[in-house]
Structure formats: C-alpha cells, structure tokens
There are 2 protein chains.
Amino acid sequence: MNIGEIAKRAGVSRSTVSYALSGKRHVSPETKARIQQVIDELDYRPNAAARALKEGRTRTIGLVIPPPVRRLTYMQLEFVASVLEAASQADLDVLLSPSGDTHAPAFSRLIDGRRVDGVILMEIRLQDPRVDQLRKAGMPFVTIGHTAHPEGVWWVDVDYQGLVGRCVKHLADLGHRDVALINRSAEMLADGYGPGLRAQQGFAQAVAQYGLTGFEYPCADDAPAGDACVERILNEHPEVTAAVTVNESALPGFQRALQRAGLRVPADFSLIGVAAQHWAEEFQPPLTSADVPAVQMGAEAVQLLTEYIADRAAAPKHLLLSPPISLRDSVSRARTLERD
Amino acid sequence: MNIGEIAKRAGVSRSTVSYALSGKRHVSPETKARIQQVIDELDYRPNAAARALKEGRTRTIGLVIPPPVRRLTYMQLEFVASVLEAASQADLDVLLSPSGDTHAPAFSRLIDGRRVDGVILMEIRLQDPRVDQLRKAGMPFVTIGHTAHPEGVWWVDVDYQGLVGRCVKHLADLGHRDVALINRSAEMLADGYGPGLRAQQGFAQAVAQYGLTGFEYPCADDAPAGDACVERILNEHPEVTAAVTVNESALPGFQRALQRAGLRVPADFSLIGVAAQHWAEEFQPPLTSADVPAVQMGAEAVQLLTEYIADRAAAPKHLLLSPPISLRDSVSRARTLERD
DNA sequence: TTGTACGCGTTATCAG
DNA sequence: CTGATAACGCGTACAA
C-alpha cells in the first residue's frame, strides 16, 4: 500500500496525497476528504524507510542501556519506561540497544547506519569511548550522567555528590559519629562509574566537614551482596550507627542482615540514601531518602535530545537534578546513651 | 558519507562498492582492498533507510511490551533482555514499543509504517485485538502466550496449567489437604490474561483430581499486595497449610506477612510456585518452583520470528515450555499432627 | 494541482 | 569475468 496506489484510487497525483497529509500546501476540502476516505479504507501509512530516506531523519531515537540488562536497577527500569513514554508522546520510536563489547556492532549500526536521529546513553563512565564515537559521527546525543569533561555535551544527571553530602549532614545533625557509605560495586568504581565516584567524593567531603568518621563499602547490585556488606560493616566497625546507601538493589539484603543481627531500624541502626521512590517505600520501615526522579529524568532527556536534534548548533544544555530528601522512618538519633 | 562518495574516492562505480560489500558478485582482490581501505577510513556504513527501502526489509524487529513498563516483572525483564541478546546476535535491531490504549499510534506506526520486519508480542490476552491488527497487516509475529484460538499463530508459552497442576500434586503427595492458589491480579484475569486463567484451570483440575480443598486468591503484582493476600488467606482460611503462587512480584510480601504471623516456611507453611529462577533463589528459604526459562523463551521467540520472516508461507510453529520443578527448601510435609 | 527530481543502496543489464 | 550504467523502491517538495 503506497502513496501511488492511494493517489490512483482517489484520482489525484501522488504529491496531492502527500500535501493533503502533511498540510504543507492547501488542498481543497473535497479532494482532501476523498483522499482521507481511501486512506482509512486501506489503512495506509507512509513507508517509514522511504520517508526517512527523503527527509534525512528517522523519527526514531536510540536508547543505549547497560548490559547485562537483567541487572537493570529499578531506577534504570523506571528511566527506560519514562523515555519510552515521553518518546511515544512525541511520536518518536525507540530503538533499544544494549551496550558492551559484544554489542559493539549494534552500536555502530545505530550510529553509522543512521538508524536513529539521536541517542540517549545510559550509565556513562567518566571516560567513555562511546561519547567519542558519537561525537565523531556527528550524532546528537544526551548522556545520563556526565563525563569527566562534560563541556560541550548535553546531559542529565543526579547530584550524587551533593545528595550524599546532605544525607551525611542529616546523620551528623542527629548525633551519629561513625557512619558508612554503601556504594555501588568495586568493579563499577574501578571502571570510572560517575555516580559511584561522586558519591565517594561527597561522602568524604561531608564526613570531613562535620568531623565524623566514615567508612566506604562498595557493594554489588543485588540482595546477597547487600546482606554480606552489612555483615562486614557490623563485624569490622561495630561502632557504626548509621549508613548512607546509593545502592538500591542491595536494600532487601540490608534488611535481612540487620534483622538477623537483631538490629532494628531505626532504633539500633539508621539508614538513609538515594533510591527510587518505589524501593524507599517498600523498605521496612520506609526509607528516608532522596528519591531519584527517574521519570522526570527520562522526560527531560527526551526533551533535550529533541531540542538538540532540531538545532544541532544550539548550545549544550545540562540538568543536574537534586531532589529533596524525603523524611520517612529509617533514621533516628544516634544511641548516645550506650556510648557514654 | 554515502556509497557514491566511497566509489569516487576508490575510483570505481557505486555498484562495484556494493558488490564488494555484499559479495554477491566477484570483485578483484585489489579493488576490493582499495574500497575497504576507503570505507575504514571514513567509517562508512550503508544508510539503513535506503537499504530498507530497496530491500523491503528493515532488519529490525518490534518488541511490544505491556504497560506500564515500570511494573514489568523480573521474568518479563529477563525475557526482554534475552530478546535483545538474541536479536543482537542475529544482527537485528529491536524497536521497543509499549502497548496500551494511549500507545495505539505507536503500535500502528510499527505495523502499517513497516518500521519492522516482524513483531514479538508480550503478555497476550485470550482475545487480543492486536493479533487481529497484525494479521490484517500481514506482519509476521510471534506471541508470548497464546490466544483462545492459537491455530495459525506462531507462539511460545509456558504451560502454566500443567505446571500448577504438578505443584498441587507435589503438595498433595506431602499430605497437604487445604491449599491456596495465589494468582495474578483480578483485573488481569478479567481482562483475559492467559497464564492467569490457565493457572486457575490447572489448579481447579488438580485440586479436584487429588481430592483437596482449594482457594484461589488473585493478587496484584507487587509486594504490598502479596502481604495483604497472605494476610487474607490466614484470616479467612487458617486451615490452609500450603500455597501455590504464580505471582513472583508478590513474593517479598509473602515473606513479610508469613514472618509477621510467626509462620516459618516450610515448617508451618509450604510455598511452591512458578517464578523466575532469580526470585526463587532470592526467597528465604529458597523457593521450590518451576523456573520459567525466560532467557530460553526470548531466544526461541527471536528464532521463530526469524523463520517466519524468512518464509511467510511456513506452517506456524508453537513451543509450549514445561520446565521441571526445582526442589528447594520451601515445601515440607503437612502438619498432620496438629490437625488430628 | 500536477509533474518530476531527489535521497541512497541494490541489482538487472549492458559493455568491455 | 570485471566494471559501469540505469532503473527501482516510495515519499517529499520544488518548479511549473
């Protein structure tokens, strides 16, 4: 079912059909109606490939997600969902592409084959070769997270450094002196994963600023790792009375380990962090946390990318989100009595 | 960077470049090498739209996921991941499209705009309008789950009916007399969601066959619902000693509710079900369950779709998977003593 | 309102 | 047997 067929049946030329659809030139109401009727009858829709070829754009954006997908955190899943939602609203399709060494061909297809008009890149590293590849290919892109040199790049990020700092401050205000940071995995940190490294910095700075003693614990993104991590903290530093976590996927594990150790939250141990609202509310007791606005981030990323695609010469825009800390029930004053 | 540019720089014609790349005709090694050199230099890749237009296929498949995406179960997430993986291996791209009323335009674009060569449809209903739309458009598709009339349709599914039956049998063998089925949500069942309805049937049949008393409980896909559901079971039917669950997302809630009620698994209450391996192993104690082979399903779905696309006249194939029940630690003999 | 050139890769056909 | 020419797929937009 192509435009020629529609034109023939409506008794007009192909260009008239095209104009009737796009509205870029006036077409008499009668012919327009006749055309529309034929179109409805045959369920005609312009061939995406032909249109893309002519217009030079695909009306599709690429979303590059971290591998392996099945370890996507809830936050990331929410983000993917909101990108899908926002793209759909803007009549854009989304080509989902896993990143990673084994998927390099897929990434190159996306970029060099011009299958998409722009790309949203998740889980960026401080040094990221994909950024260079995208730049070189002249493909518009927005990164989630920012590289070590974010100038000239469009990005959206969460201010992990500031948020972790505020979490530490909150604990300090409540009298905690020995606190732990439960970070993302050691591998990710070694790999130059921004949020992890910035959480590290924010923690170190705040601990120093408020005169606390801080211990950092990297932790893999799953419940068993969270369990083991809390176990280690309690063993190695029993003086720790509170922890800041940026690892939402490990939360169920914390719960188990604390429970097993007979520690109640928050009476015996306070927990605060950065997490998707869902996880924070699911935790028992509900977790005091800065709720990462994943849904907003997805929408903003699509918005930024759309702007960039529309005007490639536009000045890069950034967005550093710093959601407020929602006070729930997982933090209390330190057990000062027991320490005197 | 188009093929003409490459041809010019290599001093040959466009067709020679094309033949050198596709290998559909012999090209002398020297010219081939020269062409390859220019290509490498400029990172040339054929424009996907032009190729799609000419070849009549996009080398892209559509994956239609259930909305809202953020409620994707772990099983579904695993499935998406494996589709991505399998497609990537077959040099296919994946266009992710949310289904649902608000996303109808996106679905139509996919189908009528011929943006994809074929579609994988997740979370199919017994009566599903999308299946009709795909059929009418002549678009190859594979469904995950099967409709009430699955003849002539390509599909991959898990034998929920048989699996639930086997779970019940296992409980019956261990002396349980009063058992519950924790199903998916009432809305999904009302909507004609196949797995839920087939679980229902399998449960009813098996309960009758083994002379047990069965109670069915629909339950939304999240932890709080699971918590509430167990609460209800214990209240309304304290005689129940075991439950079969097909609702993995509610598992964490079961755990909480059972714990709160002071019931230990499996000593006081047995739990068995159908779930992703990940959830089964994460449960405490590890859940005896039929592990849904989501990864295999994704690979099979892509394989089937590829076959279908390659030969549209081929006889439809189906795959009804029936994974074995993995014995873990959540089931024990019924507490017969207390009942006498 | 219509005719037509264009975007770009593929392949049938023709020339060497 | 190698290389070049040209038509084609389909929607868009300029010129007529």
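Note that these values count all heavy atoms, side chains included, but never hydrogens, waters or copies made by symmetry. Numbers restart at 1 for each chain; the letters A, B, ... are given by sequence-line order, proteins then strands.
Distances shorter than 4.0 Å separate some side-chain N or O of B:His26 from OP1 or OP2 on D:dT2. The shortest distance between the side-chain N/O atoms of B:Thr16 and the OP1/OP2 oxygens of D:dA4 is below 4.0 Å.
Looking at residues two or more places apart in sequence or on another chain, you find a side chain to side chain donor-acceptor pair (under 3.5 Å) between A:Arg125 and A:Glu123, A:Asp191. Under the rule for a side chain to side chain donor-acceptor pair (under 3.5 Å), A:Ser18 has no partner lying at least two apart in sequence or in another chain. Not a single side chain to side chain donor-acceptor pair (under 3.5 Å) links A:Lys24 to another residue, sequence neighbours left out. Shown here are the salt bridge (charged side-chain N to carboxylate O under 4.0 Å, His left out) partners of A:Arg57, two or more places apart in sequence or in another chain: A:Glu55. For B:Ala87, the side-chain contact (heavy atoms from CB on, under 4.5 Å) partners two or more places apart in sequence, or in a different chain, are B:Ile61, B:Leu92, B:Val94. By the side chain to side chain donor-acceptor pair (under 3.5 Å) test, B:Tyr308 is found to be paired with no residue, residues two or more places apart in sequence or in another chain being considered.
B:Ser28 comes within contact range of the sugar-phosphate backbone alone, with a heavy-atom separation under 4.0 Å but no base atom that close. Using a 4.0 Å heavy-atom cutoff across all strands shown, A:Val17 reaches no nucleic acid atom at all. At a threshold of 4.0 angstrom between heavy atoms, the contacts of A:Ser22 with the nucleic acid are absent.
Sorted by first and then second residue, the pairs that involve residues 91-150 of chain B and meet ring-ring contact (aromatic ring centres under 6.0 Å, His included), not counting sequence neighbours, are B:His146-B:Trp155.
Non-hydrogen atoms lying under 4.0 Å from DNA chain C are contributed by B:Tyr44, B:Pro46, B:Asn47, all within residues 32-49 of chain B. For the segment residues 2-13 of chain A, residues with any heavy atom less than 4.0 angstrom from an atom of DNA chain C are, sorted by number, A:Val12, A:Ser13. Residues from residues 50-61 of chain B placing a heavy atom under 4.0 Å of any atom in DNA chain D, listed by number, are B:Ala50, B:Leu53, B:Lys54.
Under the 3.5 Å distance criterion, the side-chain polar atoms of A:Thr16 are left unmatched by any main-chain donor or acceptor of A:Val12. B:Gln76 places a side-chain N or O within 3.5 Å of a backbone atom of B:Thr73 that can act as its donor or acceptor partner. For the pair B:Ser88 (side chain) and B:Leu84 (backbone), a donor-acceptor distance under 3.5 Å is absent.
Between the side chains of B:Ser108 and B:Gln133, a donor-acceptor pair is found at a separation under 3.5 Å. The closest side-chain donor-acceptor pair between B:Thr60 and A:Arg115 falls under 3.5 angstrom. In the model, B:Thr147 has no side-chain atom that pairs as donor or acceptor with a side-chain atom of B:Asp128 under 3.5 Å.
Atom C1' of nucleotide D:dG11 and atom CZ of A:Arg25 are separated by 15 Å, given to the nearest angstrom. Rounded to an integer number of Å, the gap from CG of A:Leu21 to P of D:dG11 is 10 Å. Remark: P of D:dG3 and OH of B:Tyr19 are 12 Å apart, rounded to the nearest angstrom.
Residue whose closest nucleotide on DNA chain D sits further toward the 5' end, between B:Thr31 and B:Arg114: B:Thr31.
At least one side-chain heavy atom of A:Val119 sits under 4.5 Å from a side-chain heavy atom of A:Val64.
The residues B:Arg109 and A:Asp93 are annotated as salt-bridged, a charged nitrogen and a carboxylate oxygen being separated by less than 4.0 angstrom.
You can see that DNA chain C meets the heavy atoms of chain B within a 4.0 Å-exclusive cut from C:dC8 to C:dT13, reading 5' to 3'.
End-to-end axis angle of the helix from C:dT1-D:dA16 to C:dG16-D:dC1, from C1' rotation axes over five pairs per end: 60° (rounded to 10 degrees).
Closest heavy-atom contact between B:Ala299 and B:Ser82: N-OG, 4.1 Å.
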